[in-house]
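Data first, discussion second: the structure below is written as structure tokens.
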Amino acid sequence: MWQENIKEVERLREKSREGGGQARIDTQHKAGKLTARERINLLLDQGSFVEVNGLVESRIDDFGLDKRRVPGDGVVTGYGTVNGRTVCVASEDFTVIGGTSGEYHSMKICRMQDMALQMKVPFIAINDSGGARIEEGISALSGYGEMFLRNTKASGVIPQIAVIVGPCSGGACYSPAICDFIFMVEKISKMFITGPKVVQSVLGEVTTIEELGGTAVHAHTSGVSHFTYQNEQECFAGVRRLLSYLPQNYLEKPPVLAGKPVDRSSDIPQIVPDNPRRPYDVHQVIDTMVDEGSFLEIQKDFAANAVIGLGRIDGESVGFVANQPNFIGGSLDCDSSDKIARFIRFCDCFNIPLVTLVDVPAFMPGKEQEAKGIIRHGAKILYAYSEATVPKISLIMRKAYGGAYIAMNSKSMGADVVYAWPIAEVAVMGADGAISIIWKKQLAQAEDPARFTEEKIEEYQDLFMNPFIAAKRGYVDDVILPEETRGKIRAALDFLKTKQVQAPQKKHGNIPL
């Protein structure tokens, strides 16, 4: 009896490991894709994976499923470690019934979501699925609802990461969408609500899957994805790197890693022109502050007028939000507002302090932005900064005008420390616009309008276009020299480590979505 049962265990385990069989594995490889287990091996520390529910099978026999089902039911689930820290993982297996989600497939994923939440460890979903299993009807669909519910309950409690390494269509898209980060791989990752045939039949538009939901669309236009890589090896290395910046859960602080602190603040005058009309690359400013090579940019191809990402200062994780003068002058529009607000809230969930680098002329004006709801989108930044209780430090680099200045973590919205460089300009608007309003009549009557304008610009700049007025009123804590920048920010971060804020008792706020 023992021998027979042992043989049966070995047979079922082997069948589970084989997935859909060698022929389908070969097809997967020919498509440039790895298998579910190969992906887990790339993600986790070698030998750390422990499988859970590996022998589960679908109980549906209709439509020939009894001949296609195998132990595991198209998803490999379990736990292991990344850089020595525990994570839970679910990796869909496209070789088994196209990785489709049925009753037990989704049950396995939900089980790992529950375990991740109970253990307070990150959850990583690896998506490669043809969608809901039609043969299982409502049982397949309801599984998605169970996943969404768990994604939402875990939001802000543990980091949740979705890796798209194949199709992810229909309702399946929304579990990744609720996660904190989405990773995609060029040529093989696809996310879309409806396929090209449906779009053509309903709207009459001819399109391709790549145009609907490929990496280019979601990295550049929709902002759905956060990271894009050329191949799966680089992608899973990227997931491992991201996790190194994050705590296991909301109760912990991020790990401190040995790095290479280098103070390059003296380079700032060569990077940032004192002429507010001249652009520069804010990435170079960030690099003067962070440990060498530690900045990990997020959504780098979406809403390029804002830069967000994680870096380290003396080995400790810091979230950076910065205006990018190289793209539309660093103005805030609808997309950059969404990008910034979501990142602020993520950092606040997981105890990551925020450093905001300000060089912003305005919220983007114009009919198009107003129609898209710039008021509603911009309000998300205001809400996110005001709500955040982590340490919040701002540096006004150059322009800080109008409502956009207020939005970018100003003192009046709860910033803990605000610094400014001597070339900073804090005002309601730029000098040219102010002159045309304040001295409109005098300008029209002036004998020499050009000279009058020049004189009034100089007068306005002396009165308002410098950081010293803001410092006198307490809206700026100190006007600092460029070479002092990294040291001042590091000292502020050290001071604010023990910051505690008692939030009002309520169910939750109502962010202007």
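- Under the 30°/60° scheme for interplanar angles, the aromatic rings of Y229 and F183 are found to lie parallel.
- Two residues are said to be in side-chain contact when any heavy atoms from C-beta on lie closer than 4.5 Å; M191 and P176 meet this criterion.
- Closest of all the heavy-atom pairs between G131 and Y144 is C-OH, 3.1 Å.
- When all heavy atoms of G330 and V360 are compared, the pair lying nearest together is O-CG2, 3.6 Å.
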- How far apart are the C-alpha atoms of V217 and L212, what are their side-chain angles, what is the distance that settles it, and do they pass the side chain to side chain contact (heavy atoms under 4.5 Å, CB included) test? CA-CA 7 Å; V217 171; L212 276 178; over 6 Å; no

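- One finds the CD atom of E186 at 9.0 Å from the CD atom of E210 (value rounded to the nearest 0.5 Å).
- One finds a salt bridge joining R240 and D45 here, because a Lys/Arg side-chain nitrogen approaches an Asp/Glu carboxylate oxygen to under 4.0 Å.
- A donor and an acceptor atom, one from each side chain of H377 and D338, are located under 3.5 Å apart.
- Put simply, NE2 on H218 and CD1 on I164 are 9.0 Å apart, with the number rounded to the nearest 0.5 Å.
- Judged by distance alone, the side chain of K190 and the main-chain N or O of S169 form no donor-acceptor pair under 3.5 Å.
- Atom-to-atom distance recorded for L332:CG and N323:CG is 5.5 Å, nearest 0.5 angstrom.
- D348 places a side-chain N or O within donor-acceptor distance of the main-chain N or O of T389, the cut-off being under 3.5 Å.
- Under a 3.5 Å cut-off, the side chain of N249 and the backbone N or O of V157 do not form any donor-acceptor pair.
- The distance from atom NZ of K33 to atom CG of D128, rounded to the nearest 0.5 Å, is 3.5 Å.
- T215 contributes no side-chain N or O that, together with a main-chain N or O of M184, makes up a donor-acceptor pair within less than 3.5 Å.
- The closest donor-acceptor contact from the side chain of Q324 to the backbone of V282 lies under 3.5 Å.
- Using a distance-only test at 3.5 Å, with no hydrogens or angles considered, a donor-acceptor pair links the side chain of Q299 to the main chain of G223.
- Among all heavy-atom pairs drawn from I188 and G32, the shortest one is CG2-O, 4.1 Å.
- Taking each heavy atom of Y250 and G156 in turn, the nearest pair found is CB-O, 3.3 Å.
- Taking 4.0 Å as the cut-off between side-chain N and carboxylate O, D477 and K411 count as a salt-bridged pair.
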- Message: If you apply the rule salt bridge (charged side-chain N to carboxylate O under 4.0 Å, His left out), what do you find for D416 with K499, and how did you get there?
- Response: CA-CA 10 Å; D416 297 300; K499 176 186 175 184; 2.8 Å; yes

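- At distances below 3.5 Å, at least one donor-acceptor pair connects side-chain atoms of N231 with backbone N or O atoms of Q233.
- Ring geometry, F227 versus F181: the interplanar angle falls from 30° to 60°, so the pair is classed tilted.
- Inter-residue side-chain proximity for L246 and L310 is flagged as met; some heavy-atom pair is nearer than 4.5 Å.
- The only member of R486, R490, R264 that meets salt bridge (Lys or Arg N to Asp or Glu O under 4.0 Å) when paired with D291 is R486.
- For N305 and S336, the side-chain atoms include at least one donor-acceptor pair closer than 3.5 Å.
- The distance from the CE atom of M364 to the SG atom of C334 is 10.0 Å, given to the nearest 0.5 Å.
- Nearest heavy atom pair, residue S91 against residue R39, reads OG-CB, 4.3 Å.
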- Could you please spell out the steps behind the side chain to side chain contact (heavy atoms under 4.5 Å, CB included) verdict for S265 and M289? CA-CA 7 Å; S265 297; M289 303 177 188; 5.7 Å; no

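- In plain terms, the two heavy atoms of W421 and P467 that are nearest each other are O-CG, 3.5 Å.
- Side chain of T77 to main chain of V52: a donor-acceptor pair is present (N/O by atom type, distance under 3.5 Å, no hydrogens or angles).
- Of the candidates I109, I126, T100, I109 is the only one forming a side chain to side chain contact (heavy atoms under 4.5 Å, CB included) with E92.
- Within the 3.5 Å criterion, the main-chain N or O of V262 finds no donor-acceptor partner in the side chain of E292.
- Of the possible polar contacts, none joining the S155 side chain to the N151 backbone as a donor-acceptor pair under 3.5 Å is found.
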